[in-house]
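Quick caveat: nothing in here was measured; it's all calculated off a predicted structure.
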Amino acid sequence: MVKVNLGGCGSFVKDADYKVYVGKALEALEVLESGSGAGNDFLGWKHLPSETPGSLIAECESVRDSWKAKGVDLVVVIGIGGSYLGARCAIEALSHNFAKQLAGPKDAPEVVFAGNNLSEDYLAELMDLVAQRNAATVVISKSGTTTEPAVAFRIVKEYIEKTYTDASERIVAITDARKGALKTLATQEGYKTFVVPDNVGGRYSVLTPVGLLPIVLAGFDVRAMLAGAKEMEIACALRSEENPAVKYAAMRNLLYKELGKKVEILVSYNPKLQYLGEWWKQLYGESEGKDLKGIFPASVNFTTDLHSMGQFIQEGERIMFETVVNVEKSGRSVIIGSDPQNLDQLNYLAGRHVEHCNAMAQLGTKIAHIDGGVPQLEVSIENLSAYNLGGLFQFFEYACGISAYVLGINPFNQPGVEAYKKNMFALLEKPGYEEMTKAIKERL
């Protein structure tokens, strides 16, 4: 269960104001639950935890088993934005920090990501790796024409077709059910396909095949992930001021509207959660950043970033608040020993767990930042597991929908994303963009 603690905001807000925003959040929840708000044709994510059939997971496991039989030890997952961030978040969070460096046989293939940038160096170095391994690929795109993943897929596909006689069995497409370039190609070539549901947008898609298949291929338990998400599906739909998504949405909107806190920093004290921050930034940035409104989402990893961003957070312009993702229990045990010389002056910590030091750093930082004028929300899970990660995904998605409706924004579109694409196509001289190409070159 995801828990929300608002105690770090108590000295900044009035109870009466908070109750007003709880009321607004409950009204927004009603809009979300009734499907009466803007973007209501993209609400399929709400019930994925309870409605995902076991047969879909079995299909994912069938791909895993088929590729294992072929000796596949490298899977290239191709996608951008919501087509890769959720899967990468889950895999990074659940993996051993040094899985790549550890010797010995691997239980699952290494999963790497492509199609999320246009760096030639990155793609060239990816192909250096692919050439040394037994490879397969998962390509994720509704249309099949998004530039970044389409470029990467063309290159990876060409290599697989030249290298393996069973090339079509090493390519899985996650795409539209009926139309689009990738669907057409998959049908022509006989690729195994999974469907991106029409009523689920990319940044809400981690619990569709978009996220589930890569997570299964990496060796993790998506049944447990869906179970944790189901718990939060129920909790976040409650018409109650104790609903954790309502509490979070109410407080962040209060801080934004009444105190002028324009920046929200997602904080974690476990490096495995770095990509939770990346996934969360897309979710909230694309959902709320429109109509000249929205809280700017940023993320840091403490205690590391206390030695880089800590100074600004403590004493810079007072435009921010923090949301700390707190993992209550460590999964491993490391105890600090005693040293006869004590040159590092750490003997006072002898016998203590390293995580105790981490917890005291977290508490000390909370006090310092609150004293420095930075309100702090806390989102807690018991431990870092597939179950609790699924709960976090569902919690943040629900809270995002509620929060955006409080702001008066459609949480499920992203019209501004197209602006750079049009300019890029014109500069690349894509057919159909001749007039825009001429105009933009005159500007340059």
Side-chain angles (χ1 to χ4, degrees), residues 42 44-64 75-95 108-116 136-142 146 149 172-176 182 192-230 232-233 272-284 286-287 384-398 400 412:
F42 284 97
W45 56 271
K46 289 198 305 175
H47 302 300
L48 287 171
S50 58
E51 294 181 355
T52 297
S55 59
L56 175 58
I57 300 171
E59 279 192 74
C60 295
E61 292 170 339
S62 176
V63 174
R64 176 198 65 195
V75 175
V76 181
V77 174
I78 298 172
I80 195 166
S83 294
Y84 94 102
L85 283 169
R88 186 158 192 178
C89 165
I91 292 168
E92 295 271 347
L94 300 174
S95 293
E110 182 180 355
V111 175
V112 296
F113 295 88
N116 51 70
T137 189
V138 176
V139 56
I140 306 167
S141 176
K142 282 279 282 185
T146 303
V172 170
I174 303 176
T175 188
D176 192 88
L182 183 54
K192 171 72 177 174
T193 60
F194 291 84
V195 173
V196 182
D198 288 337
N199 60 354
V200 179
R203 59 188 177 274
Y204 293 84
S205 68
V206 62
L207 298 179
T208 73
V210 169
L212 296 178
L213 178 60
I215 295 166
V216 166
L217 293 173
F220 300 110
D221 185 358
V222 295
R223 288 181 174 84
M225 186 171 291
L226 286 165
K230 183 177 179 180
M232 294 312 297
E233 176 187 340
K272 290 187 175 188
L273 291 177
Q274 177 179 350
Y275 266 87
L276 177 68
E278 298 303 312
W279 171 83
W280 174 87
K281 284 190 290 189
Q282 189 210 1
L283 177 64
Y284 280 79
E286 277 196 355
S287 296
L384 197 48
S385 64
Y387 183 91
N388 287 317
L389 192 60
L392 275 178
F393 285 142
Q394 192 73 9
F395 161 76
F396 276 124
E397 288 176 358
Y398 246 97
C400 187
F412 307 114

Using the test side-chain hydrogen bond (donor to acceptor under 3.5 Å, both in side chains), find all partners of [X] that sit at least two apart in sequence or belong to another chain.
{"X": "Glu397", "result": "none"}
{"X": "Gln274", "result": "none"}
{"X": "Tyr84", "result": "none"}
{"X": "Glu51", "result": "none"}

Validation row: [X], [Y] side chains within 4.5 angstrom (heavy atoms):
{"X": "Phe194", "Y": "Glu59", "value": "yes"}
{"X": "Leu273", "Y": "Leu384", "value": "yes"}
{"X": "Ile140", "Y": "Ile80", "value": "no"}
{"X": "Pro214", "Y": "Val75", "value": "no"}
{"X": "Glu233", "Y": "Leu48", "value": "no"}
{"X": "Leu226", "Y": "Ile57", "value": "yes"}
{"X": "Phe220", "Y": "Ser95", "value": "yes"}

Next item on the list: Quick one: list whatever passes side-chain contact (heavy atoms from CB on, under 4.5 Å) with Ser141, sequence neighbours left out.
Entry: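 Partners of Ser141 under the side-chain contact (heavy atoms from CB on, under 4.5 Å) test: Ser143, Thr146, Leu182.
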
Quick one: does any side-chain atom of [X] pair with a main-chain N or O of [Y] as donor and acceptor, under 3.5 Å?
{"X": "Tyr275", "Y": "Ile91", "result": "no"}
{"X": "Thr193", "Y": "Ile174", "result": "no"}
{"X": "Ser205", "Y": "Thr208", "result": "no"}
{"X": "Ser287", "Y": "Tyr284", "result": "no"}

Notebook entry, point to check: Considering the options Ile215, Val216, Leu217, which one meets the side chain to side chain contact (heavy atoms under 4.5 Å, CB included) requirement together with Cys60?
Noted result: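 The side chain to side chain contact (heavy atoms under 4.5 Å, CB included) with Cys60 is passed solely by Val216 among Ile215, Val216, Leu217.
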
Check: Roughly how far, to the nearest 0.5 Å, is the CG atom of Asn199 from the NE2 atom of His47?
Finding: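 Rounded to the nearest 0.5 Å, the NE2-CG separation comes to 10.5 Å.
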
Notebook entry, point to check: Going from SG on Cys89 to CG on Leu283, what distance comes out if it is rounded to the nearest 0.5 angstrom?
Noted result: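 One finds 11.0 Å between SG of Cys89 and CG of Leu283.
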
Checklist line | Minimum heavy-atom distance between Leu207 and Thr52, given as atom pair plus value | finding: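 For Leu207 and Thr52, the tightest heavy-atom pair comes out as O-OG1, 4.1 Å.
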
Item checked: Heavy atoms of other groups near Lys272 NZ, more than 12 under 6.0 Å ->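 Yes, because the 6.0 Å sphere around NZ of Lys272 holds more than 12 heavy atoms from other groups.
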
Check: With sequence neighbours excluded, what pairs up with Asp221 under the salt bridge (charged side-chain N to carboxylate O under 4.0 Å, His left out) test?
Finding: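 Partners of Asp221 by the salt bridge (charged side-chain N to carboxylate O under 4.0 Å, His left out) criterion come out as none, since no residue qualifies.
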
Next item on the list: Check Phe42, Trp279, Phe412, Phe393 against Tyr204 for a ring-ring contact (aromatic ring centres under 6.0 Å, His included) and give me the one that passes.
Entry: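 One option only clears the test, and that one is Phe412.
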
Next item on the list: Give a yes or no on whether a salt bridge exists between Lys281 and Glu278, defined as a side-chain N under 4.0 angstrom from a carboxylate O.
Entry: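 Result for this pair is yes, salt bridge flagged.
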
